[in-house]
Amino acid sequence: GQSLEQPSEVTAVEGAIVQINCTYQTSGFYGLSWYQQHDGGAPTFLSYNGLDGLEETGRFSSFLSRSDSYGYLLLQELQMKDSASYFCALMNAGNNRKLIWGLGTSLAVNP
Amino acid sequence: EPEVTQTPSHQVTQMGQEVILRCVPISNHLYFYWYRQILGQKVEFLVSFYNNEISEKSEIFDDQFSVERPDGSNFTLKIRSTKLEDSAMYFCASSGRGAEQYFGPGTRLTVT
């Protein structure tokens with residue numbers, strides 16, 4: 001089967017940089033996605049790595065290493081509004097493209 | 001900006017009743033999904049729909065569940081006989097050719 005592990009909670013201060021790690025087990029996948037979810041809200045897409053390496057989108061970057069079964073999300077210049085849950089998710093290979101989700105990391109950004 | 005919409009936002013039903021959750025995906029998208037999230041837990045895949053048919057379903061998606069895309073715009077999830085453990089937030093999502101899945105705001109289903 002497929003499984004993902006990520007830390008349950010991370011705390012940081014405004015303006016800082018935080019890295020959320022994700023390790024996974026899978027027999028095959030297209031890529032690794034990252035989603036943000038505020039309390040009571042819908043997941044919103046942040047980043048996707050189809051290939052190894054770093055993808056940068058504004059303050060957010062994501063990294064994938066298939067040989068290490070590892071990825072991370074890097075959040076820079078943290079703002080209070082970044083307090084949310086962050087999920088890594090494997091995009092399945094094939095026509096279904098389903099997402100298999102990790103348990104999520106709750107990020108608290110303090111002043 | 002196009003968005004996925006879902007109705008109702010909250011549905012309360014009694015155990016054993018049928019519910020239909022409705023979604024309008026983004027119009028030119030190709031892939032459609034239902035996920036659910038029990039309060040405080042991770043998002044779980046239920047079913048994916050592509051080319052007018054189910055492309056994959058999870059072990060959660062048993063005979064009590066069905067999906068339809070009746071008119072080319074709506075995408076519905078039906079639960080025939082609800083159980084207490086079906087209480088969750090149900091998210092519809094759609095995607096085009098890219099990796100990003102666009103999620104609707106969700107329907108909170110409460111089974112009493």
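Letters A, B, ... are given to chains in the order of the sequence lines, protein chains preceding strands, and every chain is numbered from 1.
Note on Phe61(B) and Val111(B): same hydrophobic cluster, where clusters join Ile, Leu, Val, Met, Phe, Trp and Tyr whose side-chain heavy atoms are under 4.5 Å apart, directly or indirectly. Taking hydrophobic clusters as Ile, Leu, Val, Met, Phe, Trp and Tyr residues chained together by side-chain heavy-atom distances below 4.5 Å, Leu54(A) does not share a cluster with Val18(A). The hydrophobic clustering, which links ILVMFWY residues whose side-chain heavy atoms are closer than 4.5 Å, places Met89(B) and Phe45(A) together.
In terms of heavy atoms, Ala42(A) sits closest to Pro105(B) at CB-CA, 4.1 Å.
In this structure, Gln79(A) places its CD atom where more than 12 heavy-atom neighbours from other residues, nucleotides or ligands lie under 6.0 Å away.
Here disulfide (SG to SG under 2.5 Å) pairs that include residues 8-96 of chain B, with residues two or more places apart or in two chains, are Cys23(B)-Cys92(B).
Between chain B and the options Gly41(A), Gly104(A), Gly40(A), Pro43(A), heavy-atom pairs under 4.5 Å are most frequent for Pro43(A).
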Interchain donor-acceptor contacts below 3.5 Å (chain A, chain B):
residue	atom	partner	partner atom	Å
Tyr35(A)	OH	Gln101(B)	N	3.0
Gln37(A)	OE1	Gln37(B)	NE2	3.0
Gln37(A)	NE2	Gln37(B)	OE1	2.8
Asn96(A)	ND2	Glu56(B)	OE1	2.3
Arg97(A)	O	Gln101(B)	NE2	3.0
Arg97(A)	NH1	Gly96(B)	O	3.0
Arg97(A)	NH1	Gly98(B)	O	3.2
Arg97(A)	NH2	Arg97(B)	O	3.0
Lys98(A)	NZ	Glu56(B)	OE2	2.3
Leu99(A)	N	Tyr35(B)	OH	3.1

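Other cluster members for Leu39(B): none, since no ILVMFWY side-chain heavy atom sits under 4.5 Å from it. Think of Leu103(A) as one node in a network of Ile, Leu, Val, Met, Phe, Trp and Tyr side chains linked at under 4.5 Å; it has no links at all.
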